[in-house]
Amino acid sequence: MFSKLLIVCTVLTLSESLPTTITLSNGQKMPIVGLGTYQATGDVIYESVLNALDVGFRHIDTAYLYDNEKDIGRALKKVFSEGKLKREDVFVVTKLWHTFHSRPLVMEGMKKSLNNLGLDYVDLFLVHFPFGLKEGTNMTTPVDDKGNVLFSDVDYVETWQGMQDVYDKGFTKSIGLSNFNHQQVDRILSMARVKPMVNQVECHPYLNQKQLLDYSTKHDIVLTAYSPLGTGRMLNETKLIEIADKHNVSAAQVLIRYQAQRGIVVIPKATSKKYIAEDYEIFNLNLSDSDMTAIDSLNKNLRYNVVDYAKKHKYYPFNIPY
Ligand SMILES: NC(=O)c1ccc[n+]([C@@H]2O[C@H](COP(=O)([O-])OP(=O)(O)OC[C@H]3O[C@@H](n4cnc5c(N)ncnc54)[C@H](OP(=O)(O)O)[C@@H]3O)[C@@H](O)[C@H]2O)c1
Ligand SMILES: *[C@@H]1O[C@H](CO)[C@@H](O)[C@H](O)[C@H]1NC(C)=O
Ligand SMILES: *[C@@H]1O[C@H](CO)[C@@H](O)[C@H](O)[C@H]1NC(C)=O
Ligand SMILES: *[C@@H]1O[C@H](CO)[C@@H](O)[C@H](O)[C@H]1NC(C)=O
Ligand SMILES: *[C@@H]1O[C@H](CO)[C@@H](O)[C@H](O)[C@H]1NC(C)=O
């Protein structure tokens with residue numbers, strides 16, 4: 001009861017002075033705005049990370065899939081060796097890929113990511129999706145001769161045991177989920193010795209995840225909003241532009257602040273220096289209750305990241321509303 005009251009108070013006061021971090025259920029502090037890095041590799045992401053750290057970002061979101069862990073690791077190594085920041089100043093998130101879902105392979109997936117990043121630990125390690133793909137091939141997305149994607153039926157509950165193993169070993173400060181629906185989270189909660197601290201899901205005003213947010217808050221799980229700009233496709237929304245103009249900010253800043261003000265961690269992806277700076281400049285913007293309600297009303301349960309190839313998988317997460 002007491003902790004629920006605390007959560008409610010935190011949310012109510014957010015609009016007045018937005019803290020830069022959210023405290024996870026295990027006490028770790030997670031910066032509320034992080035840099036997304038999907039579909040950017042090589043020197044592009046290397047420079048983006050340097051620019052992001054320079055303008056104040058202290059949270060970088062990557063994944064084994066993104067093929068950019070090495071480049072992000074290079075950027076981190078540079079700022080650490082120059083003494084600009086220390087390892088503990090930056091919150092690094094990466095994700096376990098689908099071909100490492102059986103319990104012993106979770107450790108292997110974890111070690112591959114750490115090795116790529118050149119780090120001893122990450123701050124948060126997530127199960128990228130609840131469904132697994134065939135293990136032991138050399139392919140990221142294994143396919144047969146006809147191009148059909150090959151599934152594995154490893155239960156994500158087993159995967160979670162592997163996640164607890166890597167947490168116990170100190171390879172990650174926190175563990176969590178990504179793209180799990182609430183029934184899948186429930187199954188994890190019913191068996192977990194270490195409860196997931198975070199669930200990272202697609203979230204923007206067209207898919208505002210109100211129900212999943214309520215569910216997660218009740219279970220002390222922090223949501224992270226991925227594709228917060230609707231992969232860039234929400235930026236021309238008339239209602240948002242109106243609100244942005246009123247506050248003399250950009251539509252992107254409204255979208256980022258909207259999440260932070262709901263107590264949701266938010267990870268916009270940007271590679272241009274201008275966008276990177278803009279996306280972190282949200283701490284002085286204050287959306288009113290009526291702004292928030294107007295933005296909420298844009299919801300139309302529109303999901304961009306559907307993952308068509310996995311629709312027939314028994315653990316496909318998007319067959320139920322949330
Ligand atoms: N867990 C998962 O399954 C999952 C799935 C998808 C994404 N994610 C994570 O979430 C991150 C963000 O999602 P996302 O990349 O899908 O899309 P997003 O952040 O919603 O949108 C990114 C797009 O918006 C543009 N942009 C950024 N800031 C802008 C600004 N201020 N003004 C105008 N345009 C701006 C970017 O430009 P540039 O082209 O210049 O970069 C890019 O084209 C990913 O990078 C990844 O880290 C996770
Ligand atoms: C933000 O707006 C709320 C009302 O919507 C107000 O109570 C609060 O004082 C404002 N905070 C700042 C820092 O302007
Ligand atoms: C994966 O293995 C196949 C056959 O064993 C081989 O032909 C292919 O070149 C390998 N691909 C990579 C990326 O190593
Ligand atoms: C935004 O642009 C997309 C594609 O360019 C279009 O389909 C959509 O209708 C536009 N939305 C608004 C609100 O103008
Ligand atoms: C609006 O924002 C721009 C850039 O952030 C700034 O240069 C300008 O002075 C602002 N205008 C007002 C009226 O605050």
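Just follow the structure's listing: the first ligand is 1, and inside any ligand the first atom is 1. Atoms considered below: every heavy atom in the structure, side chains included; atoms not considered: hydrogens, waters and symmetry mates. These figures come from a predicted structure and were not determined experimentally.
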- Task: Could you tell me how the ring of Trp97 sits relative to the ring of His128: parallel (under 30°), tilted (30 to 60°) or perpendicular (over 60°)?
- Result: perpendicular

Counting from 1 in the order shown, the ligand 4 atoms closer than 4.0 Å to a non-hydrogen atom of Glu237 are 13 (C)

Report task. Please confirm whether Arg74 makes a cation-pi placement over Tyr46, using NZ or CZ under 6.0 Å from the six-membered ring centre and within 45° of the ring normal. Result -> yes

When every non-hydrogen atom of Asp153 is compared with those of Tyr315, the smallest separation belongs to O-CE1, 3.9 Å

Centroid-to-centroid, Phe129 to Tyr156, below 6.0 Å?
-> no

Side-chain contact, heavy-atom cut-off 4.5 Å: Tyr322 with Asn181?
-> no

Side chains of Gln253 and Arg257, donor plus acceptor under 3.5 Å:
no

The answer, listing residues by chain and number that come under 4.0 Å of ligand 5 through any heavy atom, is Asn248

Within the heavy-atom cut-off of under 4.0 Å, ligand 1 is lined by Gly36, Thr37, Tyr38, Asp61, Tyr66, Lys95, His128, Phe129, Ser178, Asn179, Gln200, Tyr226, Ser227, Pro228, Leu229, Gly230, Thr231, Gly232, Leu235, Ala252, Ile267, Pro268, Lys269, Ala270, Thr271, Ser272, Tyr275, Glu278, Asp279, Asn305

query = Can Lys95 and Asp61 be counted as an ion pair, charged N to O under 4.0 angstrom?
reply = yes

**Study point:** Aromatic centroids of Phe171 and Tyr121 separated by under 6.0 Å
**Key:** no

Are Glu82 and Lys84 ion-paired here, with the side-chain N under 4.0 Å from a carboxylate O? yes

Does Arg87 qualify as a cation-pi partner of Phe80, given the criterion of NZ or CZ under 6.0 Å from the six-membered ring centre and within 45 degrees of its axis? no

